[in-house]
Trainee: 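Have a look at this one.
We count residues from 1, following the sequence as given.
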Amino acid sequence: MLKDITIGQYYPANSKIHKLDPRTKIIAAIIFMIALFVVNQFWPYVIIFGIIAAVVKASDIPIKYMMKGLKPLRWILLFTFVINMFCLPGEVLSIAGVKLQLGFLKITDAGLRQAIFMAIRLIYLVVGTSLLTLTTSPIQLTDGIERLLSPFNKVGLPVHELAMMMTIALRFIPTLLDETDKIMKAQMSRGADFESSNLINRAKNLVPLLVPLFVSAFRRADELAMAMEARCYRGGYNRTKMREAVITTADKVAYLLMILFLAGSIASRFIHILV
């Protein structure tokens with residue numbers, strides 16, 4: 001299951017999406033997240049699904065590779081769906097005249113609608129954010145964040161260091177997942193049970209997993225700091241770039257499409273009023 005998590009990983013390819021400026025992709029991800037929570041009807045989500053499918057196709061990332069990133073979220077999706085379905089007030093639904101209610105638990109029209117909305121939003125959110133990291137290398141991501149936050153340099157914000165920390169934290173996700181998988185297999189070979197149905201036993205078995213994981217994480221962080229110091233890393237002061245990012249025609253087209261997408265998402269909230 002740990003190997004199915006795609007957030008933080010990079011998928012090398014030579015697609016049009018990979019060639020876009022990292023600033024364009026970061027802004028696109030932000031606009032995409034805003035649009036997901038602006039939309040309040042079902043039909044715009046069908047259009048968004050088509051847009052996601054087109055972007056995934058253009059990025060040359062296999063569909064199976066994208067879909068496996070949703071497997072670890074199945075329990076979170078189920079929990080979110082159930083909580084929203086049973087806990088929101090509204091008119092109780094009925095099937096063949098039988099109301100779907102058992103004591104204080106009841107399935108309402110508003111609850112079911114909100115549950116479906118939240119499940120779709122979570123799925124789209126994971127796929128959209130995964131596309132950002134899958135199509136952008138760590139160095140490009142760092143440069144993109146630094147350039148977007150560069151105006152804050154004037155107020156004393158250490159933009160380069162902040163961008164570096166965010167990128168390192170993001171890149172540590174797949175590294176720590178691989179380390180967790182190795183430790184779990186080593187502990188299971190010694191008799192540890194991480195798949196027991198007893199939650200208390202599973203919690204106890206996590207202790208010998210978490211301790212070496214934290215030790216490994218601190219060791220890797222120390223090794224990274226020593227490697228950066230050995231290479232005379234001094235932060236963002238007067239640092240130059242091997243490849244200067246340039247806004248191309250493709251990026252300008254992408255910005256135009258993003259503006260239209262956000263405008264369409266906002267307009268979708270009012271279309272039902274005009275009809």
Side-chain angles (χ1 to χ4, degrees), residues 1-15 17-30 59-61 65 69 72 129-187 189-190 206-248 251:
M1 183 184 73
L2 295 175
K3 292 184 178 296
D4 291 332
I5 298 178
T6 56
I7 295 179
Q9 298 184 10
Y10 174 64
Y11 188 90
N14 194 32
S15 68
I17 306 300
H18 283 75
K19 294 178 180 178
L20 289 176
D21 189 90
R23 290 169 291 181
T24 303
K25 288 181 278 189
I26 294 171
I27 294 175
I30 295 173
S59 65
D60 291 339
I61 299 175
Y65 191 86
T129 51
S130 296
L131 275 172
L132 172 62
T133 56
L134 287 171
T135 60
T136 312
S137 67
I139 295 177
Q140 291 176 335
L141 197 59
T142 302
D143 291 343
I145 296 174
E146 182 180 355
R147 288 177 178 275
L148 286 175
L149 298 179
S150 58
F152 293 98
N153 272 323
K154 298 179 180 179
V155 295
L157 184 69
V159 172
H160 178 80
E161 288 77 6
L162 181 62
M164 179 65 72
M165 286 190 297
M166 292 173 63
T167 306
I168 290 175
L170 192 63
R171 291 301 302 163
F172 255 62
I173 294 175
T175 302
L176 291 179
L177 290 176
D178 289 338
E179 192 72 21
T180 303
D181 187 58
K182 293 178 182 177
I183 297 173
M184 285 182 66
K185 289 179 179 178
Q187 297 290 356
S189 67
R190 293 172 174 82
L206 285 177
V207 176
L209 171 65
L210 294 176
V211 173
L213 181 61
F214 275 105
V215 172
S216 174
F218 284 118
R219 186 182 70 250
R220 287 181 179 273
D222 185 60
E223 290 174 353
L224 178 61
M226 292 178 62
M228 294 172 71
E229 288 182 1
R231 291 164 174 80
C232 301
Y233 175 77
R234 293 294 181 270
Y237 183 71
N238 287 333
R239 286 180 62 86
T240 59
K241 308 291 183 184
M242 180 179 293
R243 295 183 180 88
E244 291 291 340
V246 179
I247 299 297
T248 63
D251 292 296

Trainee: For residues 212-231, dump all side-chain donor-acceptor pairs below 3.5 Å to protein atoms at least two apart in sequence or in another chain.
Mentor:
from	atom 1	to	atom 2	distance (Å)
Ser216	OG	Glu179	OE2	3.2
Arg220	NH2	Glu179	OE1	3.0
Arg231	NH1	Ala227	O	3.1

Trainee: Tyr11 and Ile61: which non-hydrogen atoms are nearest, and at how many Å?
Mentor: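 Distance-wise, the nearest heavy atoms are CD2-CG1, 4.0 Å.
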Trainee: Show every donor-acceptor pair shorter than 3.5 Å between a side-chain atom in residues 22-29 and any protein atom, with sequence neighbours excluded, or say none if there are none.
Mentor:
from	atom 1	to	atom 2	distance (Å)
Arg23	NE	Asp21	OD2	2.8
Arg23	NH2	Asp21	OD1	3.2
Thr24	OG1	Asp251	OD1	2.9
Thr24	OG1	Tyr255	OH	3.4
Lys25	NZ	Ile17	O	3.3
Lys25	NZ	His18	O	3.4
Lys25	NZ	Thr135	O	2.8
Lys25	NZ	Thr136	OG1	3.2

Trainee: How long is the straight-line distance from CZ of Phe152 back to CG of Leu162, given to the nearest 0.5 Å?
Mentor: 10.0 Å
Trainee: So, using side chain to side chain donor-acceptor pair (under 3.5 Å) as the criterion, who are the partners of Ser137 when residues are at least two apart?
Mentor: Gln140
Trainee: Could you measure the distance from the CG atom of Asp143 to the CG atom of Leu148? Nearest 0.5 Å is fine.
Mentor: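 Asp143 atom CG to Leu148 atom CG measures 11.0 Å (nearest 0.5 Å).
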Trainee: Please report the interatomic distance CG(Asn14) to OG(Ser59), rounded to the nearest 0.5 Å.
Mentor: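 Answer rounded to 0.5 Å: 12.5 Å.
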Trainee: What do the steps show when you test Leu134 against Tyr65 for side-chain contact (heavy atoms from CB on, under 4.5 Å), and what is the final call?
Mentor: CA-CA 10 Å; Leu134 287 171; Tyr65 191 86; 3.5 Å; yes
